[in-house]
Structure formats: C-alpha cells, structure tokens
2 protein chains.
Amino acid sequence: MDADKVFKALGDPTRRKLLDLLCERNGQTLGQLCENLEMARQSATQHLEILEAANLVSTVKRGREKLHFINPVPLHEAYERWVRKFERQRLSLLHDLKKELEGDDQ
Amino acid sequence: MDADKVFKALGDPTRRKLLDLLCERNGQTLGQLCENLEMARQSATQHLEILEAANLVSTVKRGREKLHFINPVPLHEAYERWVRKFERQRLSLLHDLKKELEGDDQ
DNA sequence: GTAATATGCAGGTAAATGCCTGCATGTCAA
DNA sequence: TTGACATGCAGGCATTTACCTGCATATTAC
C-alpha cells in the first residue's frame, strides 16, 4: 500500500463522494457516476484514475462499459497503520491539550 | 468539524509527519519540530497553520516560544463519520470485488 | 541596553491540481 | 453498415500548493 497515494486520494471531496457513491451501489459505470457529479465526464475520469492508482477502486471492462468497484483494503490498512496510533493515545493527547488550554503551567 | 480541511490536511506527508512527531512528544515548539524536517522553518510554519486550521493542532504561546499540541477530536470524528462506514461494509465490498475479478459475470 | 534567540509577515516562483474542450476509438443495435 | 452510445486520449488554462528568501517583531539572557 502506498499510504501517500491513499491519503492524497482521500484529500479531495469529489473523490470521497465517488467512494460514497460506490459504497451505496458498487460496480457503477463511469456514466452512472457522472450523473451524480457536477462536472465534465473527463474530470470524473481523472478522479477515478487517481482512486485507481491508490488502489482504492478497481475497474472491469464489460463491453463498452467500465465498471468501478471499491477496494476496501488500502483504506483499512491506512487506518490500521496510521490513524489507529492516534486513536490509542486519544485520551492522553486530549488530556495534554486540555491541561495546556487551561493555562495549567506549573 | 470541517471534514474537507481535515482530509486535505492529512493529504500531505509532511503534515502527517508533524502529527507523528507530536504523537511521540506532545507540546513541541516550532523550532523542535523543524529539526526533524528537511525544509525551511517558514515552510513548516505553513504546514502547521494548515493543521491548526483543520483543528488538528492547537498552539499555546509561552514567552517567545510556540508550543504545539495534537487535538485528536477531528481525526476521531473523521474516522467515525466517514471511514467507519467503509469498515462496516468492508467484507461485502471485498466480496463484490473478488467476484468481479474472477470474471464471475452471471 | 544589547545581542542572541524564537517566531511572524510579505512577497515570489515552480510545480501540481482540477477543470475544461475537441476529437478519436471501440462497442452495440437496428 | 451505420448511427448511437460509452469511454479514451491530448492539450490548454486558471488556481492552488509547497517551497523559498528577506526582513520585522518580540522575548530572553548577559
């Protein structure tokens, strides 16, 4: 997994929306996905390419259509390897912050 | 929480490294953080401003120093409201994908 | 007070990003 | 075969991004 590609891919609201759309109904074509976005088809294609490069989406050609499927693995790995560390320390980090904001400096 | 700011902030490797550094030792000054980055102080400042705008980092001025603390709340919320949806459906999404990659199209 | 230290502020630039238009290719159906 | 449909490819353009340098301000130590 390339963590940077995954996080970069998630950094754009259109791409998060695409993942949302695929989560609602997996295996949609490019055209179907475009109906829910307010941009040109080619722009959506570029976003989908970025998601594919991050391995968050896999595609299958069926005739003249291209079907898009979520691959949940990289997202899971990014969470496990990166976000979870912060979750583990969440309460103590929150404690640091509160103590400091209260000006408790002695 | 502004989800877009949070995800955008996490989309840069330098900013993730800053969060990592603060996770190891919370409350570091700008100068301390810069020692671990290979860029000018001003560049690091800009990254920290973005983390602060996303509310992922809070700062406290102490004399001429500026201390930086992680705020774990927005990250937790982003996970809860967004990533967890995919976690819940993870196995079924993975199943869709596998079925399709096997060319199981009937 | 003065010098060293820590940070803030104001541009400036090259590269990346996100969007577009126009045209080409490939597939299906009549 | 021909026209409609789904997608691919190439290039252009405005904005944002990530980095920098140079100088200003504020705090501490001597």
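Letters A, B, ... mirror the listed sequences (proteins, then strands); counts begin at 1. A quick note: this is a predicted structure, and the numbers were derived from the prediction, not measured.
- For the side chain to side chain contact (heavy atoms under 4.5 Å, CB included) with A:R15, the qualifying choice from A:D20, A:I50, A:L10 is A:I50, the only one to do so.
- Between the P atom of D:dC19 and the CD atom of B:E49 lies a distance of 13 Å, rounded to the nearest Å.
- We find that CG of B:L33 is positioned 12 Å from P of C:dG8, with the value rounded to whole Å.
- With respect to A:K85 and A:E80, no salt bridge is recorded, no charged nitrogen being found less than 4.0 Å from a carboxylate O.
- A salt bridge links A:R62 with B:E100: the closest approach of a Lys/Arg side-chain nitrogen to an acidic carboxylate oxygen falls below 4.0 angstrom.
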For a quick check, with a 4.0 angstrom heavy-atom cut-off, what is the B/S/- contact string for nucleotides 13-20 of chain C, read 5' to 3'?
----SSBB
Between the protein and nucleotides 26-30 of chain C, list the N/O to N/O atom pairs that are separated by less than 3.5 angstrom.
| from | atom 1 | to | atom 2 | distance (Å) |
| --- | --- | --- | --- | --- |
| C:dT27 | O2 | A:R64 | NH1 | 3.3 |

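- Judged by distance alone, the side chains of B:T59 and B:E52 do bring a donor and an acceptor atom under 3.5 Å apart.
- Of all heavy-atom pairs spanning A:N26 and A:F69, the tightest one is OD1-CA, 3.2 Å.
- Summarising the geometry, the separation between CG on B:L48 and P on C:dA6 is reported as 16 Å, rounded to the nearest angstrom.
- We find the OH-CZ distance between B:Y79 and A:R84 to be 8.0 Å, quoted to the nearest 0.5 Å.
- Here the options are A:V57, A:V6, A:I70, A:N71, the test is side chain to side chain contact (heavy atoms under 4.5 Å, CB included), and the partner is A:L51; only A:V57 passes.
- Counting to the nearest Å, the C1' atom of D:dT7 and the CD atom of A:E52 are 13 Å from each other.
- What separates CG of A:D4 from C1' of D:dT17 is a distance of 14 Å, to the nearest Å.
- Remark: side-chain polar atoms of B:D12 are not paired, donor with acceptor, to backbone N or O of B:K8 under 3.5 angstrom.
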